[in-house]
Structure formats: C-alpha cells, structure tokens
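One structure is given below, encoded as structure tokens.
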There are 2 protein chains.
Amino acid sequence: MAVYSGGMSRRTSPSPPAADASGRPLRADAERNRQRIITAAQEVFAQRGIEVTLDDIAHHAGVGVGTIYRRFANREELVEAIFDKEIQRVIELAEEALTREDPWDGLVHFFTAAGQDFAEDRGLREVLLVGSHGKDRVAAARDRLTPAINAVLERAQRHGSLRDDIEVTDFPLIQIMLGAATQRTKAVSQDMWQRYLTLILDALRTSRERPTALPQPALSQEEFDRAAP
Amino acid sequence: MAVYSGGMSRRTSPSPPAADASGRPLRADAERNRQRIITAAQEVFAQRGIEVTLDDIAHHAGVGVGTIYRRFANREELVEAIFDKEIQRVIELAEEALTREDPWDGLVHFFTAAGQDFAEDRGLREVLLVGSHGKDRVAAARDRLTPAINAVLERAQRHGSLRDDIEVTDFPLIQIMLGAATQRTKAVSQDMWQRYLTLILDALRTSRERPTALPQPALSQEEFDRAAP
DNA sequence: CGTAAATGGAGATGATTCCTCCACTTCTCT
DNA sequence: AGAGAAGTGGAGGAATCATCTCCATTTACG
C-alpha cells in the first residue's frame, strides 16, 4: 500500500548517493529506496512534526520499517540527516539578506523567507526554534546563524528603519510566535502567518504614520473554530 | 509523600462544598481532600498543561489516584471542573475592560490582563486557545467572550487609536503567539511575553512616532539556549 | 464503638513506540 | 542463466506509559 507521493517544495534537492560501510555503493534498488525514505521523511516531518513514528514515515515512503533501520541506525540519525540540510538553508537565507541594497528591505525579506520556510515545515520549527531535539547539531547551526541575523538587524538599525531595542534573540522568538499562529490556523489557511508578520514588522519600524495593509484577511469566527486541531 | 503546597495565585477561590449523589454532604475528610485535589489540579495543569497524568495530580495533592476517581468520574470531568472557573474569569476581564474610560487604555489593559492569565496558566492556554480539548464547553465560553472582545476592539477603533483592520479572531491568535513565546522562555524569565505584547501593541496602534519602551530586555543568546525545553 | 464512608496504590487493561529478526525477493556479476 | 550477496517487509518482542478498578485497611462520626 504505497503512499509515496513524489517531490515536495523547492527545498528538495536529491541527496548524493550513499555508500555502504565498506565503501561499496548501494545496490540500485536500495539507493532508490533510500531516496524515497528521505523524501518521505522530509514530507512527513514537515507536515506533522518530528514526533511522528518511523512506521508512519515507512508507510508514506512505501517501504517497510526494516528498510529504514537498514540505512539509519535509529530514529535520531534519520532526523539529523534531514535537518542538517534544512537548517543550512535558513543560514543561507540570512546571508543572502545582507546582499539586498536597502537594509529595511533586506530585513523584511529575511523575516519573510524564513517565515515561509518555518510555515511550511513544522519539523524545522520544532528542531530549530523549540530546542529540545538534537541540541548539539542545532547549537552549532545557531552559532553560524546568529552573526548573520545580527548583521541584518544592525544594518537596519544604523539605517534608522529598525527600532533600536531589537536584538538577535527577538528573531527566533518572533518566528516561534508566527509558528504558533501557523500551527493554529493552517488547517484553514496556509498563509495566516503573513498577516501577523506584517503586524510585527509594523511594530519593528522606528516610526510609521499609517498601518501597512495586511496581506491576509482575518479568520472569521467560524474559520477559527474549524481550524482547531 | 505529600507534596501539597498550599494556595496559588489570585485566581483561586475555594469551591463550594460538594454533596454526594444522594444529597448527603461529604464527610469532613473527604471534603478536605476534594479541595486539595482541585487546588493541586489547578497548579499542575497551570504549570505543565492538561496532558499531565492523574497520577501526577494525585501525588501533588498528597492523595491516591483512587481518591480522585471517587470524586470525578474520569479525567475529562476533572478538567472541566477546573477550567469552567478559569474561563469564566477571562470573560469577566473582557467585560471589565469596557468600563475603562479611555478606549485604547481599556484595550491595552485587557490584552495585558488576559496575557498575564495565559502566561501563568499553560492549561488555560491549551484549553481556551489551542482548541482540541473539551470542544463543547469551550465553544460555549467563546460565544460569551466574542461579543465582549468585539466591543473592546470596536470602541478603540471608533476612537481612532486601534487600526481598522483588526478583528475578533486576531485576539486569540495574538494570545496564542504570546503563549508560544512564554512557553519557550519561561524557564528563564516569567515575563518575556510582556516584551512581545508591547511590540504587538505598537503594531496595533493606528500610528506612532516613536517606539514604546519595552518592559523586558531581550534574552541573551545564552539565556535563550538555556531556556530550551 | 459500631458502621458506613473514604482511602491508597498495586496492578489489570489497553495503547503506543522503537527496533529486531528472518523467510523471502531482487539485484548483480560472472 | 544462475549462484550468491544484498536487500526487503512487516509481524511481533520489549519497554513504556496512562487510565481506571478493586479491595483490604483506615478514618470519621452519631
């Protein structure tokens, strides 16, 4: 009963073929299954978080659990394999923001692009924002991420567009807040987080005369109820 | 090994003595234990959420699980008994906000008081904001809450201080976001949510020239890591 | 002090998860 | 083509964990 469903978002790029412990490359069918497992894990983690069972992932990949355990020693190893790649991407996003000409624009772009990644990937939120899972790996990633975020923020502050009292740790906390809004509303609207990001950006500006137009209409009471998990 | 620890915050008011099914009042020791159970449940739900086991609550109350099951048919019944009271309090907060003279002031006060309640009570957040638990009871409560919130918001909008594009469902979503920030930071600071509420209030104003001073300094990187669950 | 009420907490019951194991299938290489 | 190595699925062992029941014992109270 295969439920494998093919590619996911732009974040996916095929992993390089893996070799066996003794250096021998994987048999063709094994390699194919390995890719399926990785893709399935990305999708399932993204949709339902890191707590999902390996049985779920196996089922989604259309393989047996045994097959997963043949390639990954245990759950943790699979989780790492997936999120090393995804965390890397967020770092690139921050570095890229610095190349934008207008500092405020760079900041907005960074908050939005990261928000998009987090909105699409519950697993990524849980690993990178909530903590508690795979501490070491994540701490290392954060050490690369922090200076980049800092640069984005400070550049916008010198420029006068970002209020002075914002610091690095505000970024993950804002993303955590947006993630919570996403979680609560995603059953009904994928992009509600944009409404709240726009609000928060209005808060981050040094000053403003009028509200920025919100990109999403508020949920109706009925939608809000329907979205309840 | 009793761990019963006495009163909690202002939210506590002793429940009226309960009567047995046949109308007979409870024996003195039974009544005492019933109160202990209720208090313990409030405390434990508040600290660790509704998912805690009844064993935990029993232990915290210094009674056996059997004693809980003697008073409450099952888990769900206990949860309801606790949160009916707490939800009621939030409703009162909204109604009270309308009595404040300045509309913006009323709104700020309401968001803050509710934020405080949610920050102190993880169980309340889970029941009232996240949904998924005790749908019916909560839906009923929400029907009373909604008009009150609406009144608070509309009054501030007519007054010109609150931006026009905010609606009722923004309130619970903002509280959800603050709750997420609280959850992530509470191990290190109880009041971080105030920093982010202040930011959000700056977003909700129709216009402003300067940032409002933030009531809490940002977390340091080290604190942020240490706060990880 | 006798009796009805109340109690504690071990354990029955039922989920749930991770991971192992091995009879069987599928590849690959000569 | 056929032997042997590599790979596979998924039932089920082992561990954990939560709800709720049961009853020998303790406690309150007329």
Side-chain angles (χ1 to χ4, degrees), chain A residues 1-4 17-38 40-41 44-45 48-82 123 126 132-134, chain B residues 1-4 17-38 40-41 44-45 48-82 123 126 132-134:
Chain A
M1 197 193 299
V3 196
Y4 176 81
D20 173 85
S22 58
R24 213 191 298 38
L26 254 38
R27 225 171 69 177
D29 55 344
E31 178 59 31
R32 200 163 46 239
N33 278 341
R34 202 183 65 96
Q35 296 295 353
R36 284 174 155 225
I37 291 167
I38 289 174
V44 178
F45 284 145
R48 315 220 301 272
I50 1 173
E51 307 268 72
V52 293
T53 69
L54 290 204
D55 282 13
D56 279 334
I57 293 173
H59 179 254
H60 191 75
V63 304
V65 232
T67 306
I68 298 188
Y69 280 98
R70 166 159 293 262
R71 295 294 151 237
F72 302 90
N74 51 43
R75 195 197 159 52
E76 185 58 28
E77 202 170 280
L78 176 60
V79 171
E80 272 190 6
I82 302 298
E126 291 175 352
S132 82
H133 297 278
Chain B
M1 197 193 300
V3 196
Y4 175 82
D20 175 84
S22 58
R24 214 196 289 45
L26 254 38
R27 225 170 71 175
D29 54 344
E31 177 58 32
R32 198 163 50 237
N33 278 341
R34 203 183 64 98
Q35 296 294 353
R36 283 173 156 227
I37 290 167
I38 289 175
V44 178
F45 284 144
R48 315 218 302 270
I50 0 171
E51 307 268 71
V52 292
T53 69
L54 290 204
D55 281 14
D56 278 336
I57 293 173
H59 179 254
H60 192 76
V63 305
V65 233
T67 307
I68 298 187
Y69 280 97
R70 167 157 292 260
R71 294 295 151 235
F72 303 90
N74 50 42
R75 190 174 203 308
E76 185 57 27
E77 201 170 282
L78 175 61
V79 171
E80 272 190 6
I82 302 298
E126 290 174 353
S132 84
H133 296 277

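So you know, we letter chains A, B, ... as the sequences are listed, proteins then strands, and number each from 1. Predicted model, so just to flag it, every value in this text is computed and none were measured.
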Does [X] have a side-chain nitrogen or oxygen under 4.0 Å from the phosphate oxygens OP1 or OP2 of [N]?
X      : N      : value
T67(B) : dG8(C) : yes
N33(B) : dT7(C) : yes
R71(B) : dT7(C) : yes

When the distance from [atom1] of [X] to [atom2] of [N] is rounded to whole Å, what number comes out?
X      : N       : atom1 : atom2 : answer
D56(A) : dC18(C) : CG    : C1'   : 13 Å
N74(B) : dC20(D) : CG    : P     : 5 Å
F72(A) : dG7(D)  : CZ    : P     : 14 Å
E77(A) : dC18(C) : CD    : C1'   : 15 Å
I57(A) : dT17(C) : CD1   : P     : 12 Å
I68(A) : dG9(D)  : CD1   : P     : 10 Å
I37(A) : dG9(D)  : CD1   : C1'   : 12 Å
R48(B) : dC17(D) : CZ    : P     : 14 Å

For this session: For each nucleotide in nucleotides 21-30 of chain C, reading 5' to 3', give B when a protein heavy atom comes within less than 4.0 Å of its base, S when such contact involves only the sugar-phosphate, and - otherwise.
Result: -----BSS--

Compare every heavy atom of [Y] with every heavy atom of [X], then report the nearest pair and how far apart it is.
X       : Y      : result
E126(A) : G49(A) : OE1-CA, 3.3 Å
I68(A)  : L54(A) : CD1-O, 3.8 Å
G64(B)  : A58(B) : C-CB, 3.8 Å
G62(A)  : R36(A) : O-NH1, 4.1 Å

Problem set entry | Heavy-atom side-chain contact between N33(A) and R71(A) under 4.5 Å |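 Not touching, per the 4.5 Å side-chain cut-off.
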
Exercise. Under 3.5 Å, is there a donor-acceptor pair between the side chain of N74(A) and the main chain of E77(A)?
Worked result: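 Flag set: sc N74(A) to bb E77(A) pair under 3.5 Å.
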
